[in-house]
Amino acid sequence: MLSEQEQIRRQSLNELIRLGVNPYPAESFPVTATTAEILEQYPEQNKFEEVSLAGRIMSRRIMGAASFVELQDESGRIQCYFKRDEICPGEDKTMYNTVFKRLLDIGDIIGIKGYVFVTKMGETTIHVREFRLLSKSLRPLPVVKEKDDKVYDAFTDPDQRYRQRYVDLIVNPQVKDTFIKRTRMTNSIRNFLNEKGYLEVETPILQPIYGGAAARPFKTYHNALDMTLYLRIANELYLKRLIVGGYDGVYEFSKDFRNEGMDRFHNPEFTQVELYVAYKDYQWMMNLVEEMVEKVALDLHGKTKIKVGAHEIDFKRPWKRFTMFEVIRHFTGIDISKMDEAQLREVAQQLEVPVDPTMAKGKIIDEIFGEKCEPQLIQPTFITDYPIEMSPLAKKHRTQDGLVERFEAIVNGKELCNAFSELNDPLDQRERFEAQLELGRRGDEESMVLDEDFLRALEHGMPPTAGLGIGIDRLAMIMTDSNSIQDVLFFPHMRPEQKKEAPKPEDFTALGIPAEWVEHVINAGFASPDDITKEKPTKIHQMLNGYRKKNKLQIPALKLEEVQSWFETKN
RNA sequence: GAUUCAGUAGCUCAGCUGGUAGAGCAACGGCCUUUUAAGCCGUGGGUCCUGGGUUCGAAUCCCAGCUGGAUCACCA
């Protein structure tokens, strides 16, 4: 059932057609200026004496024979002035009185031609000489009003904003801005990496063995090959194969998929940039990260200090650097650098950090860090030299036993990137995989699987390489001061809407529809008996037999009399 | 997955200890030729998320479910 306003708009649509106005014309409409250009450049340059632009009607103030309309295009909004005798110079005032005043609505997309002037109240406005309907809108838009920077009746319901992002983008200009910033951010990173001479590549999303990170995957199935495939949780092992192949710098903006919980920092699919550079180490990579993120801040904001929530974060180089042991000592006063697993368990207990028996030494350290240190690191900080157990793809530390050459950058209490001097010793790598398999046997569902082909690649020899993964969504949240990952993803994952209740087969059999047909009637798109009886019997007869033929159903075709009997059962 | 809060007109929200559902904007009909959260007069619009229960009577109380938010757990 359509709402009253939707019904009225459909009536208006029919009325327009009756008046010879095509509500969805095919021809292109010439656009010679954007609202932003006009607002910026008028009246300094005397050049908007003949403009043609298009956009969506966002508000209307009708005053009899004259009206003001706010028109919104991609760049912003501008006020337009419609005057009856100008729109309709002759006797026939239909175009203004009927088409414009009665049949157009907020949300309709129109094209206008006219000239720019300034009203008595000082607002730059387009004096419209003619207009053309370009697309009729059949649904009412939320009407958001604004005065003195105060917003009234803002469209805020998160459920609707995320499910109907198009509406969100239409009525909430800041949202559009956020996503423009996100794209500028990825452009900035891409330019930076391209200027360094690294090659942007694409690697498989469907992987027979998921690897490169510790996470649970999404599983899917390939029919032709009759095999299980996984959506990638990372692309690390593929990019390293390319380093083996002889590219010295490769990167990929990678949509990765992890089958885990969702919250304001996690979406099942998310974006990372991974970068691998041959003949470099993690110290070198730290410098690159600083340089790159500082540049991103400058490109987006023109400065390195950025407001994020209640904090001001400064990305100016150099960032603070701590080793994992240093930072734990700094925040807890405890030096864990010489401790074994049992001692670490004791420390965890003492610090009230929850640990469980499946956790090995590295995981316990990670828990202590995550609980006691990470949330306190607001300004960009590098944490280096992680325990070997939790970094099966990183190279052993050049001087410290039991550690690897790895760093993470922490910003605003969250991990922003993860990087290491990559492990290129194939024998060591095999042992690390085997240690992971052992963790898996202990019950760790996120332990890594052994990838023989990756080991084969390493056995051919991979140059010493520095590798990096940066969470693009996280960086976008920081750079746009967004509180939730949903605010930097156009279409965050949501549970499906279920407006209609599932069709009940009994309802159809009650109508007299043969049992063997009911399933197909439902599949053909009829959700309730009413969906059938509101049509003509002849049409239903044709549709269902057409469906039978198309799907080669092994059941007898319907006779028209049979279909007609359903309608009589109804009455 | 757990806890908790919310779901009422197209949108934003009121609706107290149970007693026939309200406002602003939007819509519809008038008036209004430089208004701007335009204004003035009038009108219509509801599965009160869904399903049960208690009750003479439920938007309101109870139970279950659905969807979303926040927090927690897993994780980036």
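We name chains A, B, ... by the order of the sequence lines, and we start the count at 1 in each one. Just so you know, these numbers come straight off a predicted model, no measurement behind them.
Using bins of under 30°, 30° to 60° and over 60° for the plane-to-plane angle, the ring pair A/His127/A/Tyr115 lands in the parallel bin. Using a 30° and 60° split on the angle between ring planes, A/Phe131 and A/Phe82 fall in the perpendicular class, above 60°.
Here A/Arg61 does not reach the OP1 or OP2 of B/rU36: none of its side-chain N or O atoms lies under 4.0 Å away. Under 4.0 angstrom from either OP1 or OP2 of B/rA26 there lies at least one side-chain N or O belonging to A/Lys145. Between A/Arg216 and the phosphate of B/rC74, there is no side-chain N or O to OP1/OP2 separation shorter than 4.0 Å. Taking only side-chain nitrogens and oxygens, A/Gln160 never comes nearer than 4.0 Å to OP1 or OP2 of B/rG68. Put simply, A/Arg163 has a side-chain N or O that comes within less than 4.0 Å of OP1 or OP2 on B/rG68.
Nearest-nucleotide mapping onto RNA chain B: of A/Glu269 and A/Glu371, the residue sitting toward the 5' end is A/Glu371. Judged by closest nucleotide on RNA chain B, A/Val144 is the one of A/Phe257 and A/Val144 placed further toward the 5' end.
Contacts of A/Gln79 with the nucleic acid, taken as non-hydrogen atoms under 4.0 Å apart, include base atoms. Residue A/Leu141 is out of contact with every strand shown, counting any heavy-atom pair closer than 4.0 Å. Among the heavy atoms of the strands lying under 4.0 Å from A/Asp153 is at least one base atom, whether or not backbone atoms are also near. In this structure, A/Lys363 reaches the sugar-phosphate backbone alone: every heavy-atom distance under 4.0 Å involves primed, P, OP1 or OP2 atoms, never a base. Nucleic acid contact for A/Arg264: sugar-phosphate only, since backbone atoms but no base atoms lie under 4.0 Å from a heavy atom of the residue. Using a 4.0 Å heavy-atom criterion, one finds that A/Ala213 contacts no nucleic acid atom at all. When heavy atoms are screened at a 4.0 angstrom cut-off, A/Gly471 is found touching no nucleic acid atom at all.
Checked against A/Asp473 for a salt bridge (Lys or Arg N to Asp or Glu O under 4.0 Å), the options A/Lys414, A/Arg182, A/Arg264 give a single hit: A/Arg182.
In summary, A/Lys240 and A/Glu236 engage in a salt bridge, as defined by a charged side-chain N under 4.0 Å from a carboxylate O. Classification of A/Asp105 and A/Lys136 as a salt-bridged pair holds, one side-chain N sitting under 4.0 Å from a carboxylate O. Looking at A/Arg190 and A/Glu200, a side-chain N of the basic residue comes within less than 4.0 Å of a carboxylate O on the acidic one, giving a salt bridge. A/Glu50 and A/Arg129 are joined by a salt bridge, as a carboxylate oxygen and a charged side-chain nitrogen come within less than 4.0 angstrom of each other. Between A/Glu408 and A/Arg406 there is a salt bridge, since a side-chain N of the basic residue sits under 4.0 Å from a carboxylate O of the acidic one. Look at A/Arg258 and A/Glu269 and you find no salt bridge, because none of the NZ, NE, NH1 or NH2 atoms lies under 4.0 Å from a carboxylate O. With salt bridges taken as basic N to acidic carboxylate O contacts below 4.0 Å, one links A/Asp168 and A/Arg165.
The pairing partner recorded for B/rA14 is none, the criterion being a Watson-Crick or G-U wobble arrangement whose two distances lie under 3.5 angstrom. Shown here, B/rU35 forms no base pair; nothing in the strands shown gives a Watson-Crick or G-U wobble contact with both key distances under 3.5 Å. Base-pair partner of B/rA70: B/rU3 (Watson-Crick or G-U wobble, both distances under 3.5 Å). Base pairing of B/rC28: its partner is B/rG42, meeting the Watson-Crick or G-U wobble criterion (both donor-acceptor distances under 3.5 Å).
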Between the protein and nucleotides 6-8 of chain B, which nitrogen or oxygen pairs are less than 3.5 angstrom apart?
none

Sort me out a list of protein N/O and nucleotides 28-30 of chain B N/O pairs below 3.5 Å, or just none if empty.
from, atom 1, to, atom 2, distance (Å)
B/rG29, OP1, A/Arg102, NH1, 3.4

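Minimum atom distance to the side chain of A/Val143 is reached by B/rC25, of the listed B/rG68, B/rC25, B/rC32. For A/Arg495, taking side-chain heavy atoms from C-beta onward, the closest of the listed nucleotides B/rU67, B/rG10, B/rU71 is B/rU67. The side chain of A/Tyr152 has B/rA37 as its nearest neighbour among B/rG69, B/rA37, B/rU34. Ranking B/rU12, B/rA37, B/rU34 by closeness to the A/Met63 side chain, first place goes to B/rU34.
For the C1' atom pair drawn from B/rC56 and B/rU3, the interatomic distance equals 38 Å after rounding to whole Å. When the C1' atom is compared between B/rU8 and B/rG22, the two are found 10 Å apart, to the nearest whole Å. Taking atom C1' in both B/rG24 and B/rG18, one finds a spacing of 28 Å when rounded to whole Å. Spacing between B/rU36 and B/rA26 at atom P, rounded to whole Å, works out to 14 Å. Taking the C1' atoms as reference points, B/rG45 lies 30 Å from B/rG65, given to the whole Å. Spacing between B/rC5 and B/rC61 at atom P, rounded to whole Å, works out to 12 Å. Nucleotides B/rG15 and B/rA6, compared at atom C1', are 16 Å apart to the nearest Å. Across B/rU71 and B/rA59, the matching C1' atoms stand 28 Å from one another, rounded to whole Å.
In this structure, A/Arg60 satisfies the cation-pi test against A/Phe100, with its NZ or CZ atom closer than 6.0 Å to the six-membered ring centre and inside 45 degrees of the ring normal.
Atom CZ in A/Arg9 sits about 15 Å away from atom C1' in B/rG45, given to the nearest Å. Separating the CD atom of A/Glu374 from the P atom of B/rC74 is a distance of 12 Å, rounded to the nearest angstrom. With rounding to whole Å, A/His127 atom NE2 is found 15 Å from B/rU35 atom P. If you measure from atom CD1 of A/Ile485 to atom P of B/rC74, you get 18 Å, rounded to the nearest angstrom. Taking atom CG of A/Asp159 as the reference point, atom C1' of B/rC11 lies 14 Å away to the nearest angstrom. In this structure, CD of A/Gln164 is placed 17 Å from P of B/rU67, rounded to the nearest angstrom.
Residues satisfying the side-chain hydrogen bond (donor to acceptor under 3.5 Å, both in side chains) test with A/Asp85, not counting sequence neighbours, are A/Lys93. Partners of A/Glu6 under the side-chain contact (heavy atoms from CB on, under 4.5 Å) rule, at least two apart in sequence or in another chain, are A/Leu2, A/Ser3, A/Arg10, A/Arg139, A/Pro140.
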Sequence neighbours excluded and cut-off under 3.5 Å, please list the side-chain donor-acceptor pairs for residues 148-160 of chain A, or say none.
from, atom 1, to, atom 2, distance (Å)
A/Asp157, OD1, A/Asp159, N, 3.4
A/Asp157, OD2, A/Gln160, NE2, 3.4
A/Asp159, OD1, A/Arg163, NE, 2.8
A/Asp159, OD1, A/Arg163, NH2, 3.4

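Judged by distance alone with a 3.5 Å cut-off, no donor-acceptor contact links the side chain of A/Glu70 to the base of B/rU36. Judged by atom type and distance alone, A/Glu146 does not reach the base of B/rA37 through any side-chain donor-acceptor pair under 3.5 Å. One donor-acceptor pair, N or O on each side, does fall under 3.5 Å between the base of B/rC74 and the side chain of A/Asp263.
For A/Gln349, the CD atom sits in a loose shell: 12 or fewer heavy atoms of surrounding residues, nucleotides or ligands are nearer than 6.0 Å. More than 12 heavy-atom neighbours from other residues, nucleotides or ligands sit within 6.0 angstrom of CD on A/Gln174.
For the segment residues 113-126 of chain A, the set of residues with a heavy atom within less than 4.0 Å of an atom of RNA chain B comprises A/Phe117, A/Thr119, A/Lys120, A/Met121, A/Glu123, in numerical order.
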